[in-house]
Chemist: 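The structure under discussion is supplied below as structure tokens; questions concerning it will follow.
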Amino acid sequence: MPTNKVKHIAFAKLPDLEIIQKIKEEGARELLEILYDRYATKVYYKCLGILTDKDTAKDLAHDVMVKVFLNIAKFRGTSLFSTWVYSITYNQCMDHLRKKKRIPYSPLDTEVFQYLSTEEIELENKILQDLKLTQLEVLLERLKPDDKMILLMRYQDDFSTKQIARVLKISESAVKMRLKRSRDKLAHQLNEMQDEK
Amino acid sequence: MKNKEETNKIRQNLEAQFKGLLPSDDAPVELKEEVFNTIDTLSLIGDIVDLFTTKFSHTETAFLQMIQEPESDDEAFDFLN
């Protein structure tokens with residue numbers, strides 16, 4: 001068996017942090033491959049989920065993985081490696097969307113919330129309580145990329161408000177506002193979906 | 001109190017559903033090759049830049065030293081070993 005293959009098998013079960021430490025010490029390519037195998041699929045599907053175009057998702061996943069590997073020496077281990085990788089992923093998607101002008105720099109449309117009554121909010125909360133996985137897959141396709149992204153960051157990857165704020169380059173209070181807006185949109189879409197049946 | 005409980009319930013349900021969204025397939029196979037080709041190319045470019053900046057200037061200095069002080073030529077090229 002080739003030495004590289006043996007090394008790959010031997011290190012495959014090590015936690016991320018130990019692999020990164022070894023990469024910093026030895027700079028071995030086969031160790032990068034272990035990290036690639038762990039994260040590339042998730043990164044690709046995150047990009048695909050946000051952008052819905054396979055070629056763009058592939059290009060962005062490529063850029064994310066290259067960026068991760070080129071900057072791996074800078075990873076200090078103060079957060080989970082997965083959080084670091086996904087924050088680079090979301091950042092790359094944000095940059096792409098901004099370049100395509102699908103996410104304008106305009107301030108939040110906060111006035112929308114001023115007209116939402118307490119009853120409406122309660123109703124939307126009730127709707128979200130019964131959300132099912134099969135419905136969520138369809139609903140995410142109907143949401144705008146920036147709404148999808150913030151919901152994925154919070155509920156799939158457990159990003160804190162502070163972490164989301166850093167990725168999106170907005171304030172923490174703006175994150176809370178946007179999260180609420182995206183949740184409301186999700187509830188609204190779910191309500192419409194149930195009405196369609 | 002009831003509100004807080006409800007909010008927690010909604011959050012837990014949302015987390016459960018979002019975490020259930022798993023990739024249906026692997027990333028495209030060609031992606032791995034493309035990523036590592038880029039890494040190799042960038043690393044090669046880094047080596048070339050290094051050769052023409054750090055190593056070249058060292059060689060140049062060593063060469064000039066050798067011309068100026070021919071007796072110390074062996075020592076001047078020590079860094080190449």
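Lettering of chains follows the sequences in order, A, B, ..., and the numbering in each one begins at 1. Not measured: the values here are computed from a predicted model.
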Chemist: Is Y155(A) close to chain B through its backbone or its side chain, or both, or neither, when contacts mean heavy atoms under 4.5 Å?
Modeler: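 For Y155(A), the contact with chain B is made by backbone and side chain together.
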
Chemist: Check step by step if side chain to side chain contact (heavy atoms under 4.5 Å, CB included) holds for L14(B) and R154(A).
Modeler: CA-CA 10 Å; L14(B) 280 174; R154(A) 168 63 103 215; over 6 Å; no

Chemist: Are K58(A) and E30(B) side-chain neighbours, meaning at least one heavy-atom pair lies under 4.5 Å?
Modeler: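 Touching, per the 4.5 Å side-chain cut-off.
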
Chemist: With a 4.5 Å cut-off on side-chain heavy atoms, are L31(B) and M65(A) touching?
Modeler: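 Of all side-chain heavy-atom pairs linking L31(B) with M65(A), none is under 4.5 Å.
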
Chemist: Can you say whether L48(A) sits under 4.5 Å from chain B via the side chain, the backbone, both, or neither, judging by heavy atoms?
Modeler: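 Interface part for L48(A): neither.
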
Chemist: Chain B contacts: which residues in residues 66-84 of chain A have a non-hydrogen atom closer than 4.5 Å to it?
Modeler: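 Residues in range: V66(A), F69(A), L70(A).
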
Chemist: Measure the spacing between CG of D157(A) and NZ of K19(B) and express it to the nearest 0.5 Å.
Modeler: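 Those atoms lie 7.0 Å apart.
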
Chemist: Considering residues, nucleotides and ligands other than R142(A), do more than 12 of their heavy atoms fall under 6.0 Å from its CZ?
Modeler: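 Enclosed: over 12 neighbouring heavy atoms sit under 6.0 Å from CZ of R142(A).
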
Chemist: With a 4.5 angstrom heavy-atom cut-off, is it the side chain or the backbone of L140(A) that approaches chain B, or both, or neither?
Modeler: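 The side chain, not the backbone.
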
Chemist: With a 3.5 Å distance limit and no angle check, can you tell me whether Y44(A) reaches the backbone of P28(B) through a side-chain donor-acceptor pair?
Modeler: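 Here the side-chain-to-backbone pair does not exist.
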
Chemist: Taking the side chain as every heavy atom from C-beta outward, state whether F36(B) and E33(A) have any pair of such atoms under 4.5 Å apart.
Modeler: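 Sidechains of E33(A) and F36(B): in contact.
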
Chemist: Please report the interatomic distance CD(E15(B)) to CG(D158(A)), rounded to the nearest 0.5 Å.
Modeler: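 Output value for this atom pair is 5.5 Å.
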
Chemist: Do the non-hydrogen side-chain atoms of L21(B) and Y45(A) ever get within less than 4.5 Å of each other?
Modeler: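 SC-SC contact between L21(B) and Y45(A) ruled out.
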
Chemist: Just so I understand: if I count every heavy-atom pair under 4.5 Å between each of I39(B), D40(B), D25(B) and chain A, which residue has the most?
Modeler: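 With the most close heavy-atom pairs to chain A, the winner is D25(B).
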
Chemist: When you look at NZ of K54(A), are more than 12 heavy atoms from neighbouring residues, nucleotides or ligands closer to it than 6.0 Å?
Modeler: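 Open.
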
